Amino acid sequence: MSFIEIKDLCYSYSISPSENRMALNHVNLSVEEGEFVAVLGVNGSGKSTLAKHLNAILLPTSGSCCVAGMDTRKPEHLWDVRQTVGMVFQNPDNQIIAAIVEDDVAFGPENLGVPSDEIRSRVDEALKAVGMTEFHGFAPHLLSGGQKQRVAIAGTLAMRTKCLVLDEPTAMLDPVGRKEVLDTVRCLHRESGITVIYITHFMEEAAAAQRVVVMEDGKVVEDGSPKEIFCHVDAMRKRGLDVPLAAEIAWRLRKQGIRLPEDIVTDEELAVALCR
């Protein structure tokens with residue numbers, strides 16, 4: 001079994017006493033341990049609903065969601081699932097609850113009953129991992145948006161999570177903050193082997209993943225490498241989605257008769273192809 005195994009997952013909620021809306025419609029998805037998967041889709045496609053199933057914030061209406069062999073529907077697995085999968089949301093202000101950075105990072109382990117000495121060690125390790133050690137004694141309101149989001153990530157790491165689910169973590173950040181967060185996540189994935197599920201509207205961020213999943217109307221409609229997904233510019237546009245700027249420019253140049261590879265995704269790949 002894969003690290004995350006979603007089978008025939010459906011989720012519906014009530015929009016009136018007599019009507020339900022299906023937010024997830026028979027989703028099947030497997031994610032291996034250590035993978036970095038980006039999830040794309042327009043608003044209402046089911047991305048956030050899917051993310052909330054991964055640490056049992058929501059439970060399936062039908063079908064199943066298993067994390068590290070644990071069925072999220074079983075109450076006895078609830079806390080183990082939530083320790084295994086850490087969630088980071090759009091607005092870090094909604095996740096930071098303490099007056100001091102290190103106290104916020106310690107909040108999760110304290111609630112798990114972790115001994116004080118180990119909490120200190122976990123907090124230090126987590127802040128170091130996200131490059132925020134020097135800010136350990138700061139008040140969170142003095143930090144930038146990107147720094148706050150890195151503190152939120154540290155809070156999940158301190159709980160010894162094996163999987164990080166980020167639901168549009170850079171949506172409220174400026175370009176500098178977005179780069180800080182993405183660089184942090186890529187470093188954690190590369191150096192710690194943590195499994196990453198990264199929901200985003202920014203195509204350049206998705207291009208940094210190993211794999212891209214596209215959702216539409218509560219279903220998984222595309223699943224492949226960034227090159228496989230982003231080379232189909234027309235198909236992405238029809239789904240209401242963009243592609244990385246380099247892929248867009250290469251596509252336009254090919255339409256003008258300039259011979260370029262079909263799998264250009266990054267600025268560097270475009271530059272090299274044009275120089276040739």
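Since this is a predicted model, take the numbers as computed values, not measurements. Atoms considered below: every heavy atom in the structure, side chains included; atoms not considered: hydrogens, waters and symmetry mates.
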Rounded at 0.5 Å granularity, tell me how far CE in Met87 sits from NZ in Lys52. 7.5 Å
Carefully, step by step, assess Thr170 and Glu205 under the rule side-chain hydrogen bond (donor to acceptor under 3.5 Å, both in side chains). CA-CA 10 Å; Thr170 63; Glu205 293 181 352; 2.8 Å; yes
Could you give me the CA-CA distance, side-chain angles and deciding distance for Thr200 and Glu168, then say whether side-chain hydrogen bond (donor to acceptor under 3.5 Å, both in side chains) is met? CA-CA 5 Å; Thr200 183; Glu168 298 188 38; over 6 Å; no
Is there side-chain contact between Asn20 and Tyr13, with at least one heavy-atom pair below 4.5 Å? no
Considering only heavy atoms from C-beta outward, does the side chain of Leu143 approach that of Val101 to under 4.5 Å? yes
Verify the distance criterion only: is there a donor paired with an acceptor across the side chains of Glu180 and Thr184 at less than 3.5 Å? no
Least distance between heavy atoms, Ala246 atom then Ile264 atom: O-CG2, 4.1 Å
When the ring planes of Phe36 and Tyr198 are compared, do they come out parallel, tilted or perpendicular, using 30° and 60° as the limits? tilted
Does Tyr11 reach the side chain of Met22, with side-chain heavy atoms less than 4.5 Å apart? no
Verify side chain to side chain contact (heavy atoms under 4.5 Å, CB included) between Ile6 and Asn28, making sure each step is shown before the conclusion. CA-CA 5 Å; Ile6 296 169; Asn28 290 282; over 6 Å; no
For Asp124 and Arg120: C-alpha separation, side-chain torsions, deciding distance, then whether salt bridge (Lys or Arg N to Asp or Glu O under 4.0 Å) applies. CA-CA 6 Å; Asp124 291 343; Arg120 178 73 266 167; 2.9 Å; yes
What I'd like to find out is whether the side chain of Leu164 reaches to under 4.5 Å of the side chain of Thr156, using heavy atoms alone. yes
Beyond-backbone contact of Asp223 with Arg211, side-chain heavy atoms, under 4.5 angstrom: yes
Under the criterion side chain to side chain contact (heavy atoms under 4.5 Å, CB included), I'd like the reasoning laid out for Val42 against Met215: C-alpha separation, chi angles, the key distance, then a yes or no. CA-CA 8 Å; Val42 299; Met215 296 192 68; over 6 Å; no
For atom CG of Asn111, is the number of surrounding heavy atoms from other residues, nucleotides or ligands below 6.0 Å larger than 12? yes
For the side-chain contact (heavy atoms from CB on, under 4.5 Å) test, which of Leu9, Val39, Val37, Leu50 pairs with Leu29? Leu50
State whether the side chain of Gln83 and the backbone N or O of Asp80 hold a donor-acceptor pair below 3.5 Å, judged by distance alone. no
Atom of Glu35, atom of Gln210 and distance for their closest heavy-atom approach: CA-OE1, 3.3 Å
So with a 6.0 Å cut-off around CZ of Arg186, is the heavy-atom count from everything else above 12? no
Do Glu32 and Ser2 pair up side chain to side chain, a donor and an acceptor below 3.5 Å, judged on atom types alone? yes
Main-chain N/O of Thr84 paired to Lys162 side chain as donor or acceptor, under 3.5 Å: no
Any luck finding a side-chain donor-acceptor pair between His201 and Asn43 under 3.5 Å? yes
Would you say Glu269's side chain and Thr266's backbone share a donor-acceptor pair under 3.5 angstrom? yes
Thr195 versus Glu33, side-chain donor and acceptor atoms under 3.5 Å: no
What is the distance from atom CG of Asp93 to atom NE2 of His141, rounded to the nearest 0.5 Å? 11.0 Å
Rounded distance [0.5 Å steps], CD1 in Ile258 versus CD1 in Ile249: 11.5 Å
Does Asp103 reach the side chain of Phe107, with side-chain heavy atoms less than 4.5 Å apart? no
Between Phe135 and Phe138, what is the ring plane arrangement, given parallel below 30°, perpendicular above 60°, and tilted in between? perpendicular
Under the criterion salt bridge (Lys or Arg N to Asp or Glu O under 4.0 Å), I'd like the reasoning laid out for Arg160 against Glu125: C-alpha separation, chi angles, the key distance, then a yes or no. CA-CA 10 Å; Arg160 294 291 194 261; Glu125 288 176 12; 3.5 Å; yes
Kindly determine whether Glu262 and Arg254 satisfy salt bridge (Lys or Arg N to Asp or Glu O under 4.0 Å), including the steps that lead there. CA-CA 9 Å; Glu262 295 283 341; Arg254 283 194 296 270; 3.7 Å; yes
Verify side chain to side chain contact (heavy atoms under 4.5 Å, CB included) between Leu127 and Val105, making sure each step is shown before the conclusion. CA-CA 8 Å; Leu127 288 173; Val105 177; 3.9 Å; yes
In Å, rounded to the nearest 0.5 Å, how long is the span from OG1 of Thr72 to CD1 of Ile4? 11.0 Å
Looking at every heavy atom in both Val181 and Gly146, which two are closest together, and how far apart are they? CG2-O, 4.0 Å
Is the closest side-chain heavy-atom distance between Cys163 and Ile194 below 4.5 Å? no
Distance, nearest 0.5 Å, that separates CG of Asn94 from NZ of Lys148: 10.5 Å
Between Leu40 and Ala206 the two heavy atoms that sit nearest each other are CD2-CB, 3.8 Å
What side-chain donor-acceptor pairs closer than 3.5 Å can you find for residues 171-178, not counting sequence neighbours?
unit_1	atom_1	unit_2	atom_2	d
Asp174	OD1	Val176	N	3.2
Asp174	OD1	Gly177	N	2.7
Arg178	NH1	Leu173	O	3.3

Gly63 and Arg73 have their tightest heavy-atom pair at O-NH1, 2.9 Å
Measure the spacing between OG of Ser45 and CG of Asp217 and express it to the nearest 0.5 Å. 8.5 Å
Salt bridge check: are Lys47 and Asp167 linked by an N-O gap of less than 4.0 Å? no
Steps toward side chain to side chain contact (heavy atoms under 4.5 Å, CB included) verdict (Ile96, Val151): CA-CA 8 Å; Ile96 295 175; Val151 171; 4.3 Å; yes
Please report the shortest heavy-atom distance between Ala158 and Pro109, naming the atom on each side. O-CG, 3.4 Å
Would a distance-only check, ignoring hydrogens and angles, find a side-chain to backbone donor-acceptor pair under 3.5 Å from His26 to Cys10? no
Does some side-chain heavy atom of Ile197 sit less than 4.5 Å from a side-chain heavy atom of Leu54? yes
List the atom pairs, with distances to 0.1 Å, where a side-chain N or O of residues 229-241 and a protein N or O form a donor-acceptor pair under 3.5 Å, not counting sequence neighbours.
unit_1	atom_1	unit_2	atom_2	d
Arg237	NH2	Glu248	OE2	2.6
Arg239	NH1	Glu216	OE1	2.9
Arg239	NH2	Glu222	OE2	3.2

Residues in salt bridge (Lys or Arg N to Asp or Glu O under 4.0 Å) contact with Asp183, at least two apart in sequence or another chain: Lys179
